Protein chains: 2
Amino acid sequence: MTSNATSIAGNETYSPRQNAVLESALGLLVEGGERALTTAGVARAANCSKESLYKWFGDRDGLLAAMITFQSSKVKAEPAASGAKGRAVLAAQLTGIAANLLKVLAGDVSLALNRLAIGQARRGEADLGLLLREHGRRPIETRLSALLESGRRERLLDFADTREAYRTLYGLIVRDTHVRLLLGDSLDGEAPAKRAAQAIDEFFRLFGTEENTGPAPQRAGLGNERTG
Amino acid sequence: MTSNATSIAGNETYSPRQNAVLESALGLLVEGGERALTTAGVARAANCSKESLYKWFGDRDGLLAAMITFQSSKVKAEPAASGAKGRAVLAAQLTGIAANLLKVLAGDVSLALNRLAIGQARRGEADLGLLLREHGRRPIETRLSALLESGRRERLLDFADTREAYRTLYGLIVRDTHVRLLLGDSLDGEAPAKRAAQAIDEFFRLFGTEENTGPAPQRAGLGNERTG
DNA sequence: CTGGAACCGTACCGTACGGTACACCGCAGT
DNA sequence: ACTGCGGTGTACCGTACGGTACGGTTCCAG
C-alpha cells in the first residue's frame with residue numbers, strides 16, 4: 001500500500017533528507033509522546049511539507065514504521081568476537097552486553113518507541129510490535145545466544161536449550177526494570193553496570209559448570225553487595 | 001479536578017451501576033484498544049448517557065483511572081497464610097503465586113490496561129502508570145516479599161535485601177514474557193505452571209540455604225536443566 | 001531558455017472525538 | 001397531584017487531526 005518501507009524485513013534505507021525528517025520525528029515523539037506526533041507537527045518540525053511525508057512514507061503508520069526501522073538501523077551491533085577464552089573473558093563479554101542492554105532499554109528513544117508500539121498493539125494485530133520485536137530484540141538475542149553457546153562449547157556453561165538459557169539470563173538482567181520504565185517509573189540509583197555484573201554472577205551460579213559456578217562460593221549477603 | 005477517583009490511593013468505590021459501566025468500558029478496551037474507548041462508545045455500550053459519564057468520572061482521564069482502580073479492586077488477593085512449614089510448603093506457595101502472577105499478566109484486561117497506561121505515559125508525567133504500579137504490582141510484591149522473609153526466618157532462604165531478592169525472583173518468573181505480550185506476541189505453548197516451577201527451582205538454587213538449594217541437583221528433563 | 005521534477009508552505013476538506021446543553025422520563029417524598 | 005432528583009438519549013459545538021490539492025520556488029537536464 002505505502003510507497004516505501006512496507007516490508008516487515010524492513011531493510012529499507014532512506015535518503016539523507018528522509019533520515020533528517022525521521023530524526024526530528026523521533027525527537028518529537030520522545031518529547032510529548034504519541035499525541036505530539038501529528039503529521040502537521042512532523043512537517044513543521046522537519047521543515048518539510050505534509051505532501052512529502054505522504055509521498056515518502058505513504059501513511060502515518062508508514063511513518064511510524066519507518067521511524068522504528070530507522071532507529072534500529074542506527075544502532076548496528078558489532079559482530080561480537082566469538083573466540084572467547086576462559087571464564088573471565090566470557091563473563092566480561094556477557095557483562096558488557098548486559099550493561100549495554102540495560103542502557104539501551106532505558107534510553108529515551110527506545111522507551112518512546114516501545115510505548116508507541118505497545119499503545120498501538122491490540123488483541124490480534126500488533127503491527128509495530130512485530131517490527132520492534134524483530135529489529136530491537138532479536139539482535140540482542142542472537143548476540144547473547146552466540147556467546148552462550150560459545151561458553152558451552154568451552155565447557156564453561158552447561159545448559160540444554162539455548163533459548164531457555166537466554167531468556168533466563170534476560171530475566172536476571174532486566175527483571176521488571178523495562179516495564180517499570182515503560183510505565184513512567186524512574187530507576188533511581190540503579191547502576192546498569194552493577195546490575196549487569198550481578199546478573200552474570202547469578203547466571204553463572206545457575207548454569208556454570210562445577211568449577212565455574214561463580215566468584216562467590218558462599219552466598220552470605222549476596223543479594224546486592226553494597227553492604228560489603 | 002475530577003469529581004471522583006482522583007486520589008492516588010484510589011480506595012474509591014462505585015455504585016453497582018457505575019461498576020457495570022466500568023465493566024463494559026473494560027470490555028470495550030480489551031476489544032479494540034484505546035482508540036475504541038471513546039466516551040460516546042462507552043455510553044452506547046453501557047446504555048448510559050455521556051452526561052452521566054462526565055458527572056461520575058469528571059473526565060475521560062477520570063474514567064480511565066476509574067477503570068484501573070475498579071479492575072484492581074476485583075482481584076483482591078487473599079492474605080496468604082504466613083505460617084509456612086518447611087521447604088516443600090514454601091516452594092509450593094511460591095510456585096502458586098508465581099503461576100498466578102503469570103496468568104494475571106497474560107490476562108486480557110491486564111494487558112489492555114497496561115497498554116493503555118504505557119501508551120499514555122510520557123517522559124516525566126505518567127498518570128495512569130503510577131496508578132497501575134500502585135494497584136497492580138505492589139500487592140504481588142508485598143505478598144511475595146512476606147513469603148520470602150518468612151522463608152528466611154525459617155533458614156530456608158538466605159538473602160540480604162528483600163527487595164533485591166524479590167526482584168530477582170520476579171525476573172526469573174516473568175523474564176521478557178510481559179513485554180513480549182504487551183508488544184502483541186503470543187506465548188505459544190508456555191505453560192505458566194511449568195515456568196513457575198522452574199523459576200522457583202532456580203530461585204532456590206540461588207538463594208536457598210546449603211541443604212535447600214533445590215529439589216534435586218540434577219533433575220534431568222526440563223528445558224534448561226543440566227544434561228550431565 | 002525551456003521543461004520538468006522535487007519540494008515547500010499553506011489552504012482546504014471531512015470526520016471523529018471530547019465535552020456541554022437540553023428535552024424527556026421514572027420515581028421518591030409530601 | 002406536584003416537585004425535585006437522577007438518569008437517558010440526542011443534538012450540538014469547537015477543535016484537532018489525517019489526508020489531499022494547489023500555487024510558488026529551486027534545481028537540474030537538454
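Hydrogens, waters and symmetry mates are skipped; everything else that's a heavy atom, side chains included, is used. Per chain, numbering begins at 1; letters A, B, ... match sequence-line order. What you see is a predicted model; the values in this text were computed from it and never measured.
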Of the nucleotides [options], which one has an atom closest to the side chain of [X]?
X: B/K55; options: C/dC7, D/dG19, D/dG6; value: D/dG6
X: A/T39; options: D/dG18, C/dC8, C/dT20; value: D/dG18
X: B/T38; options: D/dG18, C/dG18, D/dG9; value: C/dG18
X: A/S49; options: C/dC17, C/dG9, D/dT8; value: C/dG9
X: A/K50; options: C/dG9, D/dT8, C/dA11; value: C/dA11
X: A/S52; options: C/dG18, D/dT8, C/dC8; value: C/dC8

(message) Please confirm whether the shortest side-chain N or O distance from B/R17 to OP1 or OP2 of D/dT8 is below 4.0 Å.
(response)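 Yes.
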(request) Give a yes/no answer on whether the side chain of B/W56 brings an N or O atom under 4.0 Å of OP1 or OP2 in D/dG6. (result)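 Answer no for this pair, as no side-chain N or O of B/W56 is under 4.0 Å from OP1 or OP2.
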Specify the separation, in whole Å, of atom [atom1] of [X] and atom [atom2] of [N].
X: B/R60; N: C/dG19; atom1: CZ; atom2: C1'; value: 12 Å
X: A/F57; N: C/dC7; atom1: CZ; atom2: P; value: 11 Å
X: A/L37; N: D/dA16; atom1: CG; atom2: C1'; value: 15 Å
X: A/E34; N: D/dA16; atom1: CD; atom2: C1'; value: 14 Å
X: A/L53; N: C/dC8; atom1: CG; atom2: P; value: 9 Å
X: A/R44; N: C/dA11; atom1: CZ; atom2: P; value: 13 Å
X: B/R35; N: D/dG18; atom1: CZ; atom2: C1'; value: 13 Å
X: B/Y54; N: C/dC17; atom1: OH; atom2: P; value: 12 Å

(message) Using the side chain to side chain contact (heavy atoms under 4.5 Å, CB included) criterion, which residues pair with A/A146? Sequence neighbours excluded.
(response)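 Expected list: none.
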(request) Report yes or no: does B/R195 contribute a side-chain atom to a donor-acceptor pair with the main-chain N or O of B/E190 at less than 3.5 Å? (result)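 Not a single qualifying donor-acceptor pair exists.
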(message) Determine whether a donor-acceptor pair (N or O, by modelled atom type, separation under 3.5 Å) exists between the side chain of A/S110 and the backbone of A/G107.
(response)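 Checked: no pair found.
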I'd like a table of donor-acceptor pairs (distance under 3.5 Å, sequence neighbours excluded) in which one partner is a side-chain atom from residues 35-49 of chain B, with atom names and distances.
from, atom 1, to, atom 2, distance (Å)
B/T38, OG1, B/G41, N, 2.9
B/S49, OG, B/S52, N, 3.1
B/S49, OG, B/S52, OG, 3.0

(message) Just so I know, are the side chains of A/R180 and B/R137 near enough to count as touching, which here means a heavy-atom distance under 4.5 Å?
(response)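 A/R180 vs B/R137: side chains touch.
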